[in-house]
Amino acid sequence: MKNPIFDIKDADTACYSQHLKDFLPNRIIDVHSHVYLEKFRSHQMEKHNVTWPSLVAAENPIEDLLGTYRLMFPGKTVTPLIFSNLLSKQDNFDDGNSYIHDCAKKYHLPSLYFARPDEPASVIEKKMTQENFLGVKVYLSLADERIPINEITIFDYLPHHQLEVLNQFHGIVMLHIPRPGRLKDPVNLEQMISIEKMYPQVKLIIAHVGRAYCMEDTGNAFKQLAATSRMMFDFSANTNEQVFTELIKAIGPGRILFGSDLPITRMRMRRICEKGRYINIVPPGQYGNISNDPHMREATRDEGEKLSFFLYEEISAFKRAAEKVNLSQGEINDIFYNNAASLL
């Protein structure tokens with residue numbers, strides 16, 4: 001099937017109809033979706049960023065996002081929580097956030113403000129009270145460039161003065177955690193837990209299950225997180241069945257949220273872990289020269305023809321985890337819709 005956004009192949013139709021359609025509820029909320037235009041991006045990659053996500057889509061206008069849902073989830077109604085994708089200090093934050101505001105208003109969608117750590121609390125308050133943003137999306141590449149990459153902490157790009165106003169107005173925080181240790185890093189865990197304790201009205205979402213893409217990223221994190229009571233986790237751009245299984249066991253289905261991380265999960269791929277590093281196996285030649293990216297590897301031509309979407313891989317892995325721990329259909333509906341509906 002040909003369309004202006006991307007093609008739907010037989011492998012995609014088969015995967016969705018045979019494995020995902022009946023698993024997913026008819027209504028879905030996607031808490032992690034990026035909407036942006038190329039003109040907002042400076043094309044200057046910060047030293048903190050991996051490069052492969054930029055290979056999928058130069059931009060993702062709101063019409064493409066909504067069209068993606070229609071193509072990937074026929075018969076379902078998907079509502080996204082939208083925010084921009086502004087990863088460099090040289091990007092146009094004003095226009096990027098204004099575009100999100102306009103899209104949210106036009107299509108009646110919930111949205112988050114992409115915040116910079118140097119912005120005063122008054123800006124965050126204005127965005128929430130006057131412009132209807134429900135909270136903020138923050139990212140580690142916006143921390144002070146003088147801080148060594150491996151030493152960035154959460155509070156370097158999610159400062160306390162912003163958390164105070166987010167707490168006052170019960171704001172959402174979409175948090176992509178830093179540091180090479182990912183979820184198991186003791187500084188990350190300490191600060192995640194401290195946010196929950198110090199700012200009890202903040203609706204904290206840890207993106208990508210804390211970037212635990214391989215079990216080696218988890219350490220004893222789930223044991224510590226089992227003692228938490230409010231922070232939530234989305235499993236966007238993660239395909240690790242074992243990580244999902246341990247997450248469900250640790251915190252239960254009531255604090256888990258579906259997120260897509262579109263548009264990057266339009267990538268055709270499957271993911272493996274080797275020695276604790278995730279590797280995306282992609283069709284040969286589809287994403288240009290990937291020889292210098294340690295997270296990318298080309299499949300054989302025959303396998304490449306059979307690869308479907310990253311997003312289908314994510315949901316399929318979560319389905320296997322849900323079956324392993326015997327989640328009920330009601331609990332699955334909570335994860336893909338009701339938990340987010342209550343949050344929003």
Side-chain angles (χ1 to χ4, degrees), residues 29-34 48 81 83 112 114-115 134-143 152-159 162-163 166-167 170-240 242-261 264-265 278 314 317-318 321 334-336 339-340 342-344:
I29 295 177
D30 175 3
V31 301
H32 196 130
S33 63
H34 298 278
H48 314 296
L81 172 63
F83 41 90
L112 300 180
F114 214 117
L134 299 182
V136 300
K137 162 68 171 149
V138 296
Y139 199 73
L140 66 151
S141 61
L142 304 179
I152 294 173
T153 72
I154 292 168
F155 296 129
D156 290 324
Y157 57 100
L158 177 61
Q162 293 183 359
L163 281 162
L166 288 159
N167 189 63
H170 297 208
I172 295 171
V173 173
M174 178 61 71
L175 178 62
H176 178 114
I177 62 174
R179 306 174 72 82
R182 302 175 185 267
L183 186 61
K184 70 175 180 287
D185 184 277
V187 175
N188 281 338
L189 286 166
E190 178 186 358
Q191 294 188 346
M192 289 159 55
I193 293 168
S194 71
I195 291 172
E196 178 172 294
K197 291 179 178 178
M198 295 172 63
Y199 305 103
Q201 304 306 322
V202 167
K203 300 172 182 179
L204 179 64
I205 303 174
I206 308 299
H208 320 300
V209 195
R211 300 170 60 233
Y213 303 124
C214 299
M215 276 304 295
E216 289 87 345
D217 298 326
T218 63
N220 70 345
F222 290 124
K223 182 177 180 180
Q224 295 187 59
L225 293 169
T228 64
S229 60
R230 287 187 302 278
M231 74 175 73
M232 294 160 282
F233 292 79
D234 82 34
F235 54 94
S236 60
N238 196 322
T239 66
N240 195 298
Q242 190 176 0
V243 169
F244 295 161
T245 300
E246 295 306 314
L247 175 69
I248 297 167
K249 290 178 179 178
I251 68 168
R255 291 193 280 142
I256 301 174
L257 304 165
F258 166 66
S260 70
D261 209 11
I264 69 166
T265 45
Y278 75 86
E314 172 194 320
F318 193 85
D334 288 345
I335 289 166
F336 283 88
N339 293 346
S342 298
L343 174 74
L344 299 176

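Here the structure is a predicted model, which is why all the values come from computation and not from measurement. Computation of the quantities below employed the complete heavy-atom set of this structure, encompassing side-chain atoms and omitting hydrogens, waters and symmetry-equivalent molecules.
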We want to know whether Ser33 and Asp30 form a side-chain donor-acceptor pair, criterion being a heavy-atom distance below 3.5 angstrom. no
Leu257 backbone acceptor or donor facing Asn339 side chain under 3.5 Å: no
Could you tell me whether the side chain of Arg211 and the main chain of His176 form a donor-acceptor pair under 3.5 Å? no
Walk me through whether Val243 and Thr218 qualify under side-chain contact (heavy atoms from CB on, under 4.5 Å). CA-CA 8 Å; Val243 169; Thr218 63; 4.2 Å; yes
In Å and rounded to the nearest 0.5 Å, what is the CD to CG distance from Gln201 to Asn167? 6.0 Å
Student check: side-chain heavy atoms of Asp334 and Pro253 closer than 4.5 Å: no
Examine Phe235 together with Phe318 and report whether their ring centres are nearer than 6.0 Å. yes
Just wondering, more than 12 heavy atoms not from Glu190 lying within 6.0 Å of its CD? no
Run the side chain to side chain donor-acceptor pair (under 3.5 Å) test against Asp261 and tell me which residues pass, sequence neighbours left out. His32, His34
Taking Asn238 for the side chain and Ala212 for the main chain, is one N or O donor matched with an acceptor at less than 3.5 Å? yes
Value for CZ (Arg230) from NZ (Lys197), rounded to nearest 0.5 Å, stands at 10.5 Å
Hey, does the side chain of Lys203 reach the backbone of Val173 with a donor-acceptor pair shorter than 3.5 angstrom? no
Tyr199 side, atom OH; Ser194 side, atom OG - distance, nearest 0.5 Å: 8.0 Å
When you measure from the side chain of Asn240 to the backbone N and O of Tyr213, does any donor-acceptor pair fall under 3.5 Å? yes
If we only count heavy atoms from C-beta on, is the Val31 to Met174 side-chain gap below 4.5 Å? yes
Please report the closest heavy-atom contact between Leu163 and Val202, naming both atoms and the distance. O-CG2, 3.9 Å
Any sub-3.5 Å donor-acceptor pair from Glu314's side-chain atoms to Thr239's backbone N or O? no
Ring centres under 6.0 angstrom apart (Tyr139, Tyr157): no
Tell me which pairs pass disulfide (SG to SG under 2.5 Å) where either residue lies in residues 180-240, with sequence neighbours left out. Cys214-Cys273
Short side-chain donor-acceptor distance under 3.5 Å, Arg255 and Ser229: no
Can you tell me how far apart OH (Tyr278) and CZ (Arg182) are? Round to the nearest 0.5 Å. 6.0 Å
Backbone N/O of Asn188 and side chain of Arg179: donor-acceptor pair under 3.5 Å: no
Looking only at heavy atoms, the pair that brings Ile251 and Leu225 closest together is CG2-O, 3.8 Å
Any chance you could lay out the side-chain contact (heavy atoms from CB on, under 4.5 Å) test for Phe83 and Val136, step after step, and finish with the verdict? CA-CA 8 Å; Phe83 41 90; Val136 300; over 6 Å; no
Inter-residue atom distance Ile206.CD1 - Ile177.CD1, 0.5 Å rounding: 6.5 Å
Any side-chain heavy-atom pair from Phe244 and Val209 closer than 4.5 angstrom? yes
Side-chain (Asp234) to main-chain (His208) donor-acceptor, under 3.5 angstrom: yes
Pair Thr228-Met231, side-chain contact (heavy atoms from CB on, under 4.5 Å): steps then yes or no: CA-CA 7 Å; Thr228 64; Met231 74 175 73; 3.8 Å; yes
Hey, does Phe155 have a side-chain heavy atom less than 4.5 Å from the side chain of Ile195? yes
How long is the straight-line distance from CE of Met215 back to NZ of Lys184, given to the nearest 0.5 Å? 10.5 Å
For Phe222 and Leu183, what are the C-alpha separation, side-chain angles and deciding distance, and is it a side-chain contact (heavy atoms from CB on, under 4.5 Å)? CA-CA 9 Å; Phe222 290 124; Leu183 186 61; 4.1 Å; yes
Are any side-chain N or O atoms of Asp156 and backbone N or O atoms of Thr153, one a donor and one an acceptor, separated by less than 3.5 Å? yes
Heavy-atom pair of closest approach, residues Met192 and Leu204: O-CD2, 4.0 Å
